[in-house]
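Data first, discussion second: the structure below is written as structure tokens.
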Amino acid sequence: MRFLLLGYTEMNILIIGSGGREHALAWKIKQSRHCDDLYVAPGNAGSATVAQNVPIGVEDFDQLGQFARDKNIDLIVVGPEGALVNGIRDYFEADPSLNKILMVGPGKSGARLEGSKDFSKQFMVRNGIPTGKAKTFVASQLNEAYSYIDNLKPPIVLKADGLAAGKGVVISPTVAEAKNTIREMLEDKKFGEASTKVLIEEFLDGIELSVFVMTDGKNYAILPEAKDYKRIGDNDTGPNTGGMGAVSPVVFADAAFMKKVEEKVIKPTIAGLGKENIPYKGFVFIGLMNINGEPFVIEYNARMGDPETQVVLPRIDTDFVELLVATAKGELTSGPVPQKNEVAMTVVMVAKGYPESYEKGKVIDGLSKVKDGIVFHAGTKNNGNEVVTNGGRVLAVTGIGTSLVDASAKAYSAVSSIRWDGLYFRKDIGNDLNKWAGSLS
Ligand code: AMP
Ligand code: GLY
């Protein structure tokens with residue numbers, strides 16, 4: 001850390017992860033006057049254009065620690081949930097040569113908000129946070145689970161307790177299907193250890209949106225909200241994915257609704273962490289259902305969303321590193337962060353076959369032709385002078401405009417410049433919001 005005469009510090013910063021979220025974090029952090037050396041481990045071809053990639057895996061804590069010591073890292077931002085749930089913060093805190101490094105991301109106990117759906121449901125119930133009614137079952141209780149299902153009106157929501165790479169939620173249209181699926185989850189371990197416990201949850205019928213806060217465990221900064229598009233096909237058809245696009249702001253999340261979210265969800269969540277002695281310095285991603293203007297929590301994540309980050313960060317109108325440092329040091333001020341009065345929309349371009357098995361190594365053309373759009377890389381890598389596909393979700397292309405229509409035109413125009421063999425993207429991102437669209441003012 002260098003203390004400069006002008007009264008601010010420059011920091012060496014390490015971002016952990018390799019997706020579009022981490023490229024967007026690097027892009028935003030690089031704009032801060034506090035950013036000195038910037039590294040991403042392991043990163044992708046996009047993060048390599050704004051930071052230095054470091055070939056260390058996200059859960060290789062020994063090597064990440066060694067690297068942080070060698071490069072005098074001052075601040076670490078953890079992208080993916082796996083590293084958090086597996087205790088990256090606990091590892092750094094336990095080592096006297098690493099525990100002074102500021103870190104944004106909770107320890108194992110806080111990451112249970114995402115790592116165990118049973119824990120997070122009980123946490124919501126204990127703290128009076130509105131959510132769907134649910135009951136948890138293990139394999140020895142299969143018959144009780146069947147009786148419980150018999151008393152529900154379909155659709156029936158089944159959730160694997162543990163991390164399942166975004167695939168652990170099944171919505172069954174009939175009682176018979178729900179019974180079969182819960183047997184597969186509990187007895188056949190359909191999602192491995194993650195489905196040792198399964199929640200049967202009430203179906204919440206509403207409009208979904210995601211709210212993001214940064215918290216130091218006492219105070220919270222509310223980031224711009226976003227809407228994610230999870231299904232692979234246009235008009236929300238086909239299997240779930242990690243996310244095929246996102247929009248921010250979400251027009252139906254008006255001031256009155258956001259006030260309810262703050263009072264009924266955010267405040268009791270942060271207070272609950274305090275009451276339960278769960279230290280938490282990091283992001284809380286709150287998946288919400290808006291049911292007739294009332295918020296209900298679907299899930300928590302202990303990290304930012306991907307691709308939501310690619311629309312949330314461009315709209316933050318303040319120095320992001322200052323927010324990260326305040327989070328890590330316990331010096332946040334509660335309330336909304338300044339937002340740009342602009343609409344951001346991102347379209348995720350994926351490889352042929354995604355979300356099932358997909359192809360890799362296809363040469364991506366046209367990246368330099370994009371004029372008015374931000375191309376965040378997800379699954380890409382450099383191969384000589386070429387950028388090639390290296391994952392299912394390959395790019396997230398963000399357009400920023402004065403209205404949703406404008407942002408959409410820019411995002412899709414940028415998308416149309418880019419080509420590779422077998423690319424696919426949704427053509428309808430944001431269309432469902434058009435009924436509210438128009439100028440922001
Ligand atoms: P998750 O993996 O928890 O994000 O859940 C995946 C998706 O399932 C969510 O984005 C919702 O669209 C849907 N979902 C989860 N829980 C419910 C629920 N109780 N009612 C309706 N839809 C749900
Ligand atoms: N886009 C949803 C997620 O990051 O979990």
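What you are looking at is a predicted structure, and each value in this text was computed from that prediction instead of being measured. Whatever order the structure lists them in is the order used to number ligands and atoms, beginning at 1. The basis for the numbers below is simple: all heavy atoms, side chains too, and nothing from hydrogens, waters or symmetry mates.
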For this session: Would you indicate whether N292, at its atom CG, is surrounded by more than 12 heavy atoms from other residues, nucleotides or ligands within a distance under 6.0 Å?
Result: no
Exercise. Would you say the side-chain atoms of N44 and S18 include a donor-acceptor pair closer than 3.5 Å?
Worked result: no
Problem set entry | Distance filter under 4.0 Å to E201 heavy atoms, resulting ligand 1 atoms | 16 (N), 18 (C), 19 (N)
For this session: State plainly whether the residues E201 and K117 are in salt-bridge range, i.e. N to O under 4.0 Å.
Result: no
For this session: Would you check the N or O atoms of K230, main chain and side chain alike, for any that come under 3.5 Å of an N or O of ligand 2?
Result: no
Seminar exercise, completed: Under 4.0 Å from one or more heavy atoms of R303, ligand 2 contributes atoms 3 (C), 4 (O), 5 (O)
Problem set entry | Result of checking K179, K189, K190 against E184 for side-chain hydrogen bond (donor to acceptor under 3.5 Å, both in side chains) | K190
Exercise. Would you say the side chains of N127 and T269 form a donor-acceptor pair under 3.5 Å?
Worked result: no
Exercise. Is the number of heavy atoms from other residues, nucleotides or ligands under 6.0 Å of K28 NZ greater than 12?
Worked result: yes
Exercise. Can you list the residues that meet the side chain to side chain contact (heavy atoms under 4.5 Å, CB included) rule with Q52, with sequence neighbours excluded?
Worked result: Y39
Exercise. Just heavy atoms, cut-off under 4.0 Å: does E308 contact ligand 2 by side chain, backbone, both, or neither?
Worked result: side chain
Exercise. Which of the atoms in ligand 2, numbered in the order shown and given with their element, are less than 4.0 Å from a heavy-atom of F285?
Worked result: 3 (C), 4 (O), 5 (O)
For this session: State whether a side-chain donor-acceptor pair under 3.5 Å links D432 with Y229.
Result: yes
Exercise. Is there a donor-acceptor contact under 3.5 Å linking the side chains of D228 and S210?
Worked result: no
Exercise. For ligand 2, which atoms have a heavy atom of G305 less than 4.0 angstrom away?
Worked result: 4 (O)
For this session: Any chance you could measure I13, atom CD1, to K30, atom NZ, to the nearest 0.5 Å?
Result: 9.5 Å
Exercise. Taking N or O atoms only and a 3.5 Å limit, does G242 qualify as a polar contact for ligand 2?
Worked result: yes
Exercise. What do we get for D205 next to ligand 1 when only non-hydrogen atoms under 4.0 Å count, side chain, backbone, both or neither?
Worked result: neither
Exercise. Between K230 and ligand 1, which part of the residue brings a heavy atom under 4.0 Å of the ligand: side chain, backbone, both or neither?
Worked result: side chain
Problem set entry | For atom 6 (C) of ligand 1, the option (of I291, V297, D228, V169) bearing the nearest heavy atom | V169
Problem set entry | Per-atom contacts, ligand 1 versus E299 - under 4.0 Å to a heavy atom | 1 (P), 3 (O), 4 (O)
Seminar exercise, completed: Per-atom filter on ligand 1: closer than 4.0 angstrom to a heavy atom of K159 are 15 (C), 16 (N)
For this session: Please indicate whether any nitrogen or oxygen in N240 is less than 3.5 Å from any nitrogen or oxygen in ligand 1.
Result: no
Exercise. For ligand 1, which atoms sit closer than 4.0 Å to a heavy atom of M289?
Worked result: 21 (C), 22 (N)
Problem set entry | Region of L204 engaging ligand 1 - heavy atom pairs below 4.0 Å | both
Problem set entry | Any N301 heavy atom less than 4.0 Å to ligand 1 | no
